[in-house]
2 protein chains.
Amino acid sequence: MALGHAIMTALLEDDLSGYELARDFETSLGFFWQASHQQIYQELRKLSDKHWLSKREVSQRGKPNKIVYGMTRAGREALAEWVFGSTRTQAAKDDLLVKLYNLDSSNAGHLAGEITARREDMMRRLYLYEKIRRRHYSLPETLPTRRKGVYLALTMGIAQGEQFLAWCDEALELLATVTAESG
Amino acid sequence: MALGHAIMTALLEDDLSGYELARDFETSLGFFWQASHQQIYQELRKLSDKHWLSKREVSQRGKPNKIVYGMTRAGREALAEWVFGSTRTQAAKDDLLVKLYNLDSSNAGHLAGEITARREDMMRRLYLYEKIRRRHYSLPETLPTRRKGVYLALTMGIAQGEQFLAWCDEALELLATVTAESG
DNA sequence: GTTTATTATGCAAAACATTGCATATCAATA
DNA sequence: TATTGATATGCAATGTTTTGCATAATAAAC
């Protein structure tokens, strides 16, 4: 049940509503664990049924009411326990790579286009990552402990992203020779 | 329905039984799209119900009978069409990174252990990748088109894997300072 | 004042994945 | 001849994720 744990992780330091969680996920934990708002709302209900989260309704000026969730003691304990459990190596699933197994002269152009699009996505993401690093993680040695962990996750994202850009360039080069041959 | 497409991709050049597919997945396409044997058997039934795969029973000496699946014309068409569709950027899901967001002095040692284990997994996988590369992909320019695509997927796996090893080293170094501080 | 965008939450169905079990053939070994 | 291991296939239950739809409050723009 890792989505639940990801949500609790996001709630470690701030109480948030489902909407806020869904929005924040897009620019932080969601880099490493994506989830849709439907999933988040469902999971929040489950977690509060288990009393791992508490909830309270908050009235707002100029906006609909929201339901704000916060970690309970039991939630913190469950999360800490989960961290101590063991995870198996992540199952990779990337259909772009499966598609590459189908490369032929008729689809090489299309695949090059897909790679180009992904490359651009990754550029945007790297820009975000770097912005976050500059703002909040420029001196990793001096960070409080938890933030060092977040820093490492960010570092991972950056390194993988840069590697991906380099791979895209290599792939596009090879694909160009395929399309050229096909006339 | 990407699992179905991954299976059909594996059947592009050879007819295979469910058992053989499940086994082969572990050392080729499964690097990029993992699946259990239960999933594979279920999906094979669906695909043959749709007439995207044909099946025939094969008797063997010294082994139980097997059901061998092969691509139909309709299957090839459906697969080719799928390749031309667009995929969205892959949703990352890695609970090790979520766990890192929970770093504190009490779990730093455990997390370092998890990273070490993953590092070893990756070393083993890289060894496999390199073996495959040396054996079958040492001269990428001269490969037939489809194999060039497979080569690119392999290249991706290798580059990402090497990057991951480097990240692990960096992470372990930083984690060591955390555990040291905590006494 | 009507439309559009943002904030906010959710249901229901379908698709997909995991877990645990169940079965059966044949070869080799103890 | 009983057990173990590899081969071979599958069901059922549960859990997770995606997809499509639905609702509603308020602010801002037109």
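Below, chain A is the first sequence line, B the second, and so on; all start at residue 1.
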So B:Asn102 and A:Thr9, side chain to side chain donor-acceptor pair (under 3.5 Å) or not? Walk me through it.
CA-CA 7 Å; B:Asn102 288 273; A:Thr9 297; 2.9 Å; yes
Could you tell me whether B:Glu120 and B:Arg124 have a side-chain N and a carboxylate O separated by less than 4.0 Å?
no
Using a strict 4.0 Å threshold on nitrogen-to-oxygen distance, state whether A:Arg146 and A:Glu13 make a salt bridge.
yes
Base-pair string, DNA chain C, Watson-Crick plus G-U, cut-off 3.5 Å on both distances, | for inter-strand, is ||||||||||||||||||||||||||||||
Close approaches to DNA chain D from residues 15-23 of chain B, in residue order (heavy atom, under 4.0 Å)
B:Ser17, B:Gly18, B:Tyr19
Can you give me the closest heavy-atom contact between B:Thr72 and B:Ser54, atom names plus distance?
CG2-N, 3.5 Å
Using atom CG of B:Leu44 as one end and atom P of C:dC16 as the other, report the distance to the nearest whole Å.
14 Å
Under 30°, 30 to 60°, or over 60°: which ring-plane class applies to A:Phe32 and A:Tyr129, parallel, tilted or perpendicular?
parallel
Look at A:Lys99 together with A:Asp94 and state whether they make a salt bridge at an N to O cut-off of under 4.0 Å.
no
Rounded to the Å, how far apart are B:Glu26 CD and D:dT7 P?
11 Å
Would you call A:Lys55 and A:Asp49 a salt bridge, taking side-chain N to carboxylate O under 4.0 Å as the test?
no
Inspect the contact between B:Glu141 and B:Lys148 and indicate whether a charged nitrogen and a carboxylate oxygen are less than 4.0 angstrom apart.
no
Derivation and outcome, side chain to side chain donor-acceptor pair (under 3.5 Å), residues B:Ser86 and A:Glu114:
CA-CA 7 Å; B:Ser86 66; A:Glu114 291 232 57; 5.4 Å; no
Under 4.0 Å protein heavy-atom contacts per nucleotide of nucleotides 10-17 of chain D, with B for base, S for backbone only and - for none
BB----SS
Ion pair present between A:Asp15 and A:Lys66, side-chain N to carboxylate O less than 4.0 angstrom?
no
Between C:dC16 atom P and B:Ile40 atom CD1, what is the distance in whole Å?
15 Å
